Amino acid sequence: MAALGLLGAVLVGCGQGTPETAAAPAAKQPTAAGTSPSPLASAAPGPGKPAAGRTAPPTMAPGPGGRTPVYNRRTKGAEKVVALTFDADMTADQGPRAARGEHFDNPQLIATLRRLKVDATVFMTGRWAEEYPDQAKSIGGDPRFEIANHSYSHYAFASPCYGLPTVAGPDMAADVQRAFDAFRDAGAVHVVPYFRFPGGCYDDAALRALAPAGVTAVQWDVVSGDAFAKDPDAVADQVLDGVRPGSLVVMHCTRSAAPVTEQAVRRIVPELRARGYRFVKVSELMGG
């Protein structure tokens, strides 16, 4: 039961509120006019470094005092674009459960996104990439997708945070780098210098501690409610009701704890397209 409770914390804490309500305690989100190259985008062989012929993904300029900047959605322009993002969650200590047959992946969801020709961003934990290296390589090798960082351990970067264990401040940047290393080791190519806080929880200390990682933190403005959901139509309704031009939607790529996401996507995609929306990755949303 304790293990089930932790899994609940992982998924409930991963996109079950707006960035403001999920953060505990919430920091004011720094704003930045325009974007700037990420230090990681120019470091070799660092995350986010573009392959030959590809441009570096856009990032936000650091906030006051060098704090990690936070991006929630595109706020300028009326173009009907929306970014669907999927958190591939697995905590550092869930290996035994995977060995017993629990599925933290969702290959059918990825196949559906490909079939529907939907560009998307997958926020992946390093532990997930280690557990499913072939899938990480496949996702990260497909130009329709990009892999962003969801930490290595999926432990919290601020406390309290839905019962998640907490990463110590001095270890935060290293935890993020360890995830990027796992993506590289799996052979993923399309890796971007974006980071999503586990549980959406962060504070000013976390923004300062994460600064050396050179990432832009990416949260969301639309919560899908897919964690532990049983009704795909309820998930679809929540997304369809919340999306506005420039929205950033948080969903999950974790079969055991978000079992109806793929079904919901099959309804969300055609209905949003019928409304005139185009699906983009976070890098395009931010670049716009």
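Here the structure is a predicted model, which is why all the values come from computation and not from measurement. Hydrogens, waters and symmetry mates play no part in the numbers below; they use all other heavy atoms, side chains included.
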*Indicate yes or no for a side-chain donor-acceptor contact from Lys80 to the backbone of Arg278 under 3.5 Å, with no hydrogens or angles considered.*
no
*Would you confirm whether Tyr277, through its side chain, and Val269, through its main-chain N or O, come within 3.5 Å as a donor-acceptor pair?*
no
*Applying side chain to side chain contact (heavy atoms under 4.5 Å, CB included), run through Val192 and Val282 and close with a yes or a no.*
CA-CA 9 Å; Val192 290; Val282 170; over 6 Å; no
*Hey, could you give me the CZ/CG distance between Arg208 and Asp204, rounded to the nearest 0.5 Å?*
4.5 Å
*Examine distances only and state if a side-chain atom of Trp220 and a backbone atom of Asn72 form a donor-acceptor pair shorter than 3.5 Å.*
no
*Report yes if some heavy atom in the side chain of Leu116 is under 4.5 Å from a heavy atom in the side chain of Phe279; otherwise report no.*
no
_Would you say that Val280 contacts Asp119 through its side chain, given a criterion of any heavy-atom pair below 4.5 Å between the two side chains?_
no
*Using only heavy-atom distances, determine whether the side chains of Gln238 and Ser224 contain a donor-acceptor pair under 3.5 Å.*
no
*Side-chain contact, heavy-atom cut-off 4.5 Å: Gln263 with Arg267?*
no
_side-chain contact (heavy atoms from CB on, under 4.5 Å) partner of Lys281, chosen from Thr121, Thr85, Leu84_ = Thr121
*asked:* I need the minimum non-hydrogen distance between Val215 and Pro69, along with the two atoms involved.
replied: O-CD, 3.8 Å
*Arg196 and Asp89: salt bridge (charged side-chain N to carboxylate O under 4.0 Å, His left out), yes or no, with the steps?*
CA-CA 11 Å; Arg196 175 167 288 160; Asp89 292 342; over 6 Å; no
*Apply the test side chain to side chain contact (heavy atoms under 4.5 Å, CB included) to residues Phe195 and Thr216: give CA-CA distance (whole Å), side-chain angles for both, the deciding distance (0.1 Å), then the verdict.*
CA-CA 6 Å; Phe195 172 76; Thr216 294; over 6 Å; no
*Are Leu164 and Tyr155 close enough, and set up right, to give a side chain to side chain contact (heavy atoms under 4.5 Å, CB included), and what steps lead you there?*
CA-CA 6 Å; Leu164 290 172; Tyr155 290 172; 5.7 Å; no
_Evaluation steps, salt bridge (charged side-chain N to carboxylate O under 4.0 Å, His left out), between Glu284 and Arg74_ = CA-CA 10 Å; Glu284 183 175 345; Arg74 182 191 292 184; 5.6 Å; no
*Atom CG of Leu113 and atom CD of Gln108: how far apart are they, to the nearest 0.5 Å?*
11.0 Å
*Any chance you could measure Met90, atom CE, to Met124, atom CE, to the nearest 0.5 Å?*
12.5 Å
_What I'd like to find out is whether the side chain of Tyr162 reaches to under 4.5 Å of the side chain of Cys201, using heavy atoms alone._
yes
_Are the side chains of Val250 and Asp87 in contact, using a 4.5 Å heavy-atom criterion?_
yes
*Is a salt bridge present between Asp181 and Arg184, judged by a nitrogen-to-oxygen distance below 4.0 Å?*
yes
*Heavy-atom pair of closest approach, residues Val235 and Gly225*: CG2-O, 3.9 Å
*Could you check if a side-chain atom of Leu248 sits within less than 4.5 angstrom of a side-chain atom of Leu285, using non-hydrogen atoms only?*
yes
*Taking all non-hydrogen atoms of both residues into account, name the closest pair between Ala136 and Ala188 and its distance.*
O-CB, 3.9 Å
*Nearest atoms (heavy-atom pairs only) where Gly169 meets Ala209*: O-CB, 3.6 Å
*Measure up the Phe157 and Phe197 rings against each other and bin them: parallel (under 30°), tilted (30 to 60°), perpendicular (over 60°).*
perpendicular
*Separation of Gln94 CD from Arg100 CZ (nearest 0.5 Å)*: 10.5 Å
_Below 30° counts as parallel, above 60° as perpendicular, anything between as tilted: where do the rings of Phe183 and Phe180 land?_
perpendicular
_Using 0.5 Å steps for rounding, measure from the CZ atom of Phe123 to the CG atom of Asn149._
9.0 Å
*Indicate the atoms forming the closest heavy-atom contact of Pro232 with Ala264, along with that distance.*
O-CB, 3.6 Å
*If only atom types and distance count, is the side chain of Gln219 paired as donor or acceptor with the main-chain N or O of Gly200 below 3.5 Å?*
yes
*Picking from Thr261, Asn106, Asp105, what satisfies side-chain hydrogen bond (donor to acceptor under 3.5 Å, both in side chains) with Arg255?*
Asp105
_For Ala182 against Gly126, the heavy-atom pair lying closest together_ = CB-O, 3.7 Å
*Heavy atoms, side chains only, cut-off 4.5 Å: are Glu79 and Pro245 in contact?*
no
*Assess the side chains of Gln177 and Tyr152: does a donor N or O sit below 3.5 Å from an acceptor N or O?*
no
*asked:* Just so I know, are the side chains of Val167 and Ser153 near enough to count as touching, which here means a heavy-atom distance under 4.5 Å?
replied: yes
*Judged by modelled atom types alone, do Arg97 and Thr91 share a side-chain donor-acceptor pair under 3.5 Å?*
no
*Carefully, step by step, assess Gln135 and Ile110 under the rule side chain to side chain contact (heavy atoms under 4.5 Å, CB included).*
CA-CA 9 Å; Gln135 292 187 55; Ile110 299 301; 5.6 Å; no
*How many angstroms lie between atom OG1 of Thr254 and atom CG of Leu109, to the nearest 0.5 angstrom?*
9.5 Å
